[in-house]
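Letters A, B, ... mirror the listed sequences (proteins, then strands); counts begin at 1. Values below: every heavy atom of this structure, side chains too, minus hydrogens, waters and symmetry copies.
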Protein chains: 2
Amino acid sequence: MARTATASDRTPRDTIVRVATELFGRNSYPGTSMRDIASEVGILAGSLYAHIDGKENLLLEIIEHGIEEFVEEVTVAFEGAGSASERLRAMILAHVRIVAKQPRRTQIVFHQWRYLGAENQRRVRKRRAAYEALFTRLLEEGVADGSFAADIDVRVTVLSILGSLNWTPEWLSSDGPIPVEELSDRLSDALMKGVLGR
Amino acid sequence: MARTATASDRTPRDTIVRVATELFGRNSYPGTSMRDIASEVGILAGSLYAHIDGKENLLLEIIEHGIEEFVEEVTVAFEGAGSASERLRAMILAHVRIVAKQPRRTQIVFHQWRYLGAENQRRVRKRRAAYEALFTRLLEEGVADGSFAADIDVRVTVLSILGSLNWTPEWLSSDGPIPVEELSDRLSDALMKGVLGR
DNA sequence: CCTACCGATCGGTAGG
DNA sequence: CCTACCGATCGGTAGG
């Protein structure tokens with residue numbers, strides 16, 4: 001089962017984090033043992049602790065780095081030029097790009113923060129709220145400038161959009177090699193026009 | 001920690017299933033031990049096996065019963081009278097009603113089938129596909145009769161709708177006592193009209 | 001990074 | 001439904 005480090009692994013620690021991401025994403029955090037990770041890395045379980053602090057900190061690091069990538073990339077799209085519609089499309093594209101690049105990590109980021117302790121959950125929740133706020137602000141701006149319908153329920157719409165986006169890792173990877181841009185366009189159409197069309 | 005059986009528990013087995021649903025939903029399947037369940041029921045771990053076969057079968061039963069409720073209720077809405085739009089609204093309402101009634105179980109049904117063995121996963125996947133097919137057929141009918149826009153991507157739209165619906169347990173329970181009908185209406189608006197409005 | 005091990009906990013069972 | 005227990009596995013550590 002043991003694999004060699006890949007090109008992106010600059011240190012043994014990188015290898016451990018990459019393998020843990022794969023296994024947590026595939027079998028969940030409690031469904032993955034430190035021995036599973038070690039055997040995939042090609043070392044013994046005890047040896048992991050020369051590189052990392054413990055299992056929960058490994059999960060925390062994966063989630064926090066993951067969430068920062070979403071916040072950073074989507075913030076760029078949020079702050080970009082164009083109409084509210086164009087910026088929302090860009091935000092959806094940025095999100096889908098990250099999902100397509102790292103479906104396992106996305107799974108962990110949006111579904112497995114529950115396994116963190118109370119204090120770490122609090123930290124993650126704050127960052128997730130900041131991510132959600134990007135979409136809330138975009139919708140509010142779009143309503144204010146007339147790009148979006150005045151009678152939309154911003155909160156429910158944001159949660160609907162995030163629900164759709166957070167569900168994509170469930171089917172994106174098993175859907176074969178659909179071009180990300182095309183898929184993102186269709187998802188944007190579904191979320192922006194609904195079933196009734198524009 | 002032990003509680004007495006509630007009114008709906010006709011047998012000790014019912015109590016076990018109800019408690020397991022609560023705990024699997026709150027702490028996940030691998031995050032819940034048979035001892036956790038037993039102590040909440042008020043018996044010892046070994047005694048559980050006088051009533052049930054094993055841990056995985058407990059999970060399977062919860063998921064299968066849960067998914068059947070979704071299929072049954074949403075099928076009624078699918079087969080109801082009215083336009084495609086009205087029927088889709090009724091399907092969304094049926095779904096949201098079940099989520100509101102049993103958020104923990106919904107969590108398990110849509111997120112924790114991964115913890116089943118290969119053969120049980122296959123069975124569950126088939127039923128989930130049948131559920132998804134209800135929405136696919138409804139959208140196809142709506143496109144055919146002109147209720148919905150001709151250029152929607154049915155597959156992506158279905159997955160977007162299911163994503164939004166499957167995400168609701170994440171926020172529905174923590175959102176206080178919003179009337180289910182109202183919330184379902186707003187969600188229907190978001191999914192059917194998008195942000196652009198009708 | 002290995003050897004060797006810790007105490008705790010896991011799902012489950014035999015016999016009553 | 002309890003007593004008493006099984007072998008396996010868990011996250012993690014000491015010492016090298």
* Structure fact -> Heavy-atom nearest pair, A:Val109 first then A:Ile63, reads CG2-O, 3.9 Å
* **Between D:dG12 (P) and A:Asn57 (CG): distance, integer Å** => 9 Å
* **Aromatic plane relationship, B:Tyr115 with B:Tyr29 - under 30° parallel, 30 to 60° tilted, over 60° perpendicular** => parallel
* **Residue mapping more 5' on DNA chain D - nearest nucleotide basis, B:Ile16 or A:Tyr49** => B:Ile16
* Asked: With a 4.0 Å cut-off on heavy atoms, is A:Gly54 in touch with a base, just the backbone sugar-phosphate, or nothing at all?
  -> sugar-phosphate
* Look at A:Arg122 together with A:Glu119 and state whether they make a salt bridge at an N to O cut-off of under 4.0 Å. => yes
* Counting side-chain heavy atoms from CB outward, which of C:dG12, C:dC2, D:dG11 is closest to A:Ser47? -> C:dC2
* Asked: What base-paired stems does DNA chain D take part in, with at least 3 consecutive Watson-Crick or G-U wobble pairs and both distances under 3.5 Å?
  -> C:1-16 with D:1-16
* Structure fact -> Winner on side-chain proximity to A:Leu44, out of C:dC2, C:dG12, D:dT13, is C:dC2
* Listed nucleotide nearest any side-chain atom of A:Arg35, set C:dC1, D:dC1, D:dG12 -> D:dG12
* Asked: Would you say the side-chain atoms of B:Asn120 pair up with the backbone N or O of B:Leu116, donor to acceptor, closer than 3.5 Å?
  -> no
* To do: Name the closest nucleotide to the A:His51 side chain, picking from C:dC1, D:dC10, C:dG11.
  => C:dC1
* Aromatic plane relationship, B:Tyr131 with B:Phe110 - under 30° parallel, 30 to 60° tilted, over 60° perpendicular -> tilted
* To do: Rounded to the nearest angstrom, tell me the gap between atom CD1 in B:Ile43 and atom C1' in D:dT3.
  => 14 Å
* To do: Determine whether more than 12 heavy atoms belonging to other residues, nucleotides or ligands lie under 6.0 Å from atom CZ of A:Arg123.
  => no
* With a distance cut-off below 6.0 Å to the six-membered ring centre and an angular limit of 45° from the axis, does B:Arg87 pair with B:Phe78 as a cation-pi contact? -> yes
* **Protein-nucleotide distance (A:Asp36, atom CG; D:dT9, atom C1'), rounded to Å** => 11 Å
* Asked: Taking CD1 from A:Ile52 and C1' from D:dT13, how many angstroms apart are they, rounded to a whole number?
  -> 13 Å
* To do: Grab the CE-C1' distance between A:Met34 and C:dC1 for me, whole Å please.
  => 15 Å
* Once you round it to whole Å, what is the distance between P of C:dG11 and CD1 of B:Ile37? -> 8 Å
* Structure fact -> note: A:Leu48, atom CG; D:dG12, atom C1'; distance rounded to Å ~ 10 Å
* To do: Ignoring backbone atoms, establish whether A:Ser33 has a side-chain N or O less than 4.0 Å from OP1 or OP2 of D:dT9.
  => no
* To do: Provide, to the nearest angstrom, the distance between the CZ atom belonging to B:Arg13 and the P atom belonging to D:dC1.
  => 13 Å
